**Q** 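Right, I'll just put the structure down here and ask away after.
Not measured: the values here are computed from a predicted model. These numbers come from the heavy atoms of this one structure, side chains and all, not from hydrogens, waters or symmetry mates. In this chain, residues are counted from 1 in sequence order.
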Amino acid sequence: MGDCLFCKIVAGEIPSKKIYEDDKVLAFYDISPAAPVHFLVIPKEHISSANELDEKNSNIVSHIFMVINKIVRELNIADSGYRIVNNCGADGGQTVNHLHFHVLGARELKWPPG
């Protein structure tokens, strides 16, 4: 997708502070963090939202969760806890139409969120 912000980050057209990258996903710090640790994990393949997941591409979600598991251990927030957020659609708060998961940690996170 030529106009997708996250596709441009994957392509290296927009810089990001990368944490992790492999052939399937990219993880990078959020530019407007809502917690001391706040990063995103995105598939390199353009998938607009969770609504676009199907039998052909849904395995990316398990890979993303394995990557999150690796990163939270490296950042020492696995034991204290963290939150994984996926916003879907306008009413769900999705502002970039590319599947992505926010990971927030290193502080107590209240419920319900805002």
Side-chain angles (χ1 to χ4, degrees):
M1 285 277 173
D3 60 340
C4 173
L5 173 68
F6 288 167
C7 286
K8 289 179 180 181
I9 290 173
V10 168
E13 297 170 19
I14 296 175
S16 66
K17 188 175 176 187
K18 294 180 187 178
I19 303 172
Y20 177 88
E21 182 175 17
D22 64 25
D23 60 326
K24 297 177 186 173
V25 302
L26 177 64
F28 54 92
Y29 285 102
D30 194 291
I31 61 168
S32 298
V37 171
H38 185 174
F39 63 90
L40 289 87
V41 183
I42 66 171
K44 288 185 170 182
E45 173 189 353
H46 182 84
I47 301 170
S48 294
S49 74
N51 288 335
E52 302 298 318
L53 292 167
D54 59 29
E55 291 179 8
K56 294 177 186 171
N57 64 14
S58 62
N59 61 339
I60 193 64
V61 176
S62 62
H63 183 71
I64 286 170
F65 272 71
M66 293 306 300
V67 167
I68 290 170
N69 186 309
K70 173 183 173 36
I71 295 170
V72 297
R73 292 179 189 289
E74 290 173 357
L75 296 177
N76 296 315
I77 62 170
D79 292 337
S80 60
Y82 53 94
R83 181 171 292 159
I84 302 170
V85 178
N86 170 259
N87 301 318
C88 187
D91 283 353
Q94 185 177 5
T95 58
V96 177
N97 290 324
H98 186 119
L99 181 68
H100 59 285
F101 294 84
H102 294 262
V103 180
L104 300 101
R107 73 167 171 84
E108 184 179 357
L109 300 166
K110 304 291 183 185
W111 194 261

**Q** Is there a donor-acceptor pair closer than 3.5 Å between any side-chain N or O of Asp54 and the backbone N or O of Asn57?
**A**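 Judged by distance alone, yes, a pair lies under 3.5 Å.
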**Q** Hey, could you give me the CG/OG distance between Leu26 and Ser16, rounded to the nearest 0.5 Å?
**A** 5.0 Å
**Q** Is the backbone of Ala34 close enough, under 3.5 Å, to the side chain of Arg107 for a donor and an acceptor to pair up by distance?
**A**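 A pair under 3.5 Å: yes.
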**Q** With a 4.5 Å heavy-atom cut-off, do Lys44 and Glu21 have their side chains touching?
**A** yes
**Q** Passes side-chain hydrogen bond (donor to acceptor under 3.5 Å, both in side chains), His63 versus Asp22? Steps please.
**A** CA-CA 11 Å; His63 183 71; Asp22 64 25; 2.7 Å; yes
**Q** Report yes if the side chains of Val25 and Ile42 come closer than 4.5 Å at any heavy-atom pair, otherwise no.
**A** no
**Q** Are Asn86 and His100 close enough, and set up right, to give a side chain to side chain contact (heavy atoms under 4.5 Å, CB included), and what steps lead you there?
**A** CA-CA 6 Å; Asn86 170 259; His100 59 285; 5.7 Å; no
**Q** Within a strict 4.5 Å, meaning less than it, do heavy atoms of the Leu99 and Pro43 side chains meet?
**A**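 With C-beta onward as the side chain, the pair touches.
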**Q** Each residue besides Leu109 in its hydrophobic cluster should be listed here, by chain and number; the cluster joins Ile, Leu, Val, Met, Phe, Trp and Tyr at side-chain heavy-atom distances under 4.5 Å.
**A** Val85, Leu104
**Q** Apply the test side chain to side chain contact (heavy atoms under 4.5 Å, CB included) to residues Val103 and Ile71: give CA-CA distance (whole Å), side-chain angles for both, the deciding distance (0.1 Å), then the verdict.
**A** CA-CA 10 Å; Val103 180; Ile71 295 170; over 6 Å; no
**Q** If hydrophobic clusters are built by linking Ile, Leu, Val, Met, Phe, Trp and Tyr wherever their side-chain heavy atoms come under 4.5 Å apart, do Val67 and Ile77 end up in the same one?
**A** yes
**Q** So which heavy atom on Gln94 is nearest to which on Cys88, and how close?
**A**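 Reported closest heavy-atom pair: OE1-CA, 3.5 Å.
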**Q** Tell me the closest heavy-atom pair linking Ala106 and Val37, and the distance in Å.
**A** CB-CG2, 3.7 Å
**Q** A side-chain contact here means heavy atoms from C-beta on lying under 4.5 Å apart; do Arg83 and Trp111 qualify?
**A**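 SC-SC contact between Arg83 and Trp111 confirmed.
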**Q** Quick one: do Ser48 and His98 satisfy side chain to side chain contact (heavy atoms under 4.5 Å, CB included)? Show the steps, please.
**A** CA-CA 4 Å; Ser48 294; His98 186 119; over 6 Å; no
**Q** Any sub-3.5 Å donor-acceptor pair from Asn51's side-chain atoms to Gly89's backbone N or O?
**A**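 The answer is no, because no donor-acceptor pair under 3.5 Å joins these two groups.
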**Q** To check you understand the geometry: which heavy-atom pair defines the closest contact between Pro36 and Gly105, and what is its length?
**A** CD-O, 3.5 Å
**Q** Taking all atoms of both residues into account, what is the closest heavy-atom pair of Leu5 and Ile14, and its distance?
**A**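 The pair with the smallest heavy-atom distance is CD1-CD1, 3.4 Å.
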**Q** I need the Ile68 CD1 to Leu75 CG distance, nearest 0.5 Å.
**A**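 One gets 11.5 Å once the value is rounded to the nearest 0.5 Å.
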**Q** Excluding sequence neighbours, so at least two apart, what forms side chain to side chain contact (heavy atoms under 4.5 Å, CB included) with Val61?
**A** Leu53, Phe65, Phe101
**Q** If you look only at pairs with a residue in residues 17-42, which of them pass as a ring-ring contact (aromatic ring centres under 6.0 Å, His included), with sequence neighbours excluded?
**A** Phe6-Phe28, His38-His102
**Q** Grouping I, L, V, M, F, W and Y whenever their side-chain heavy atoms are under 4.5 Å apart, do Val41 and Val10 come out in a common cluster?
**A** no
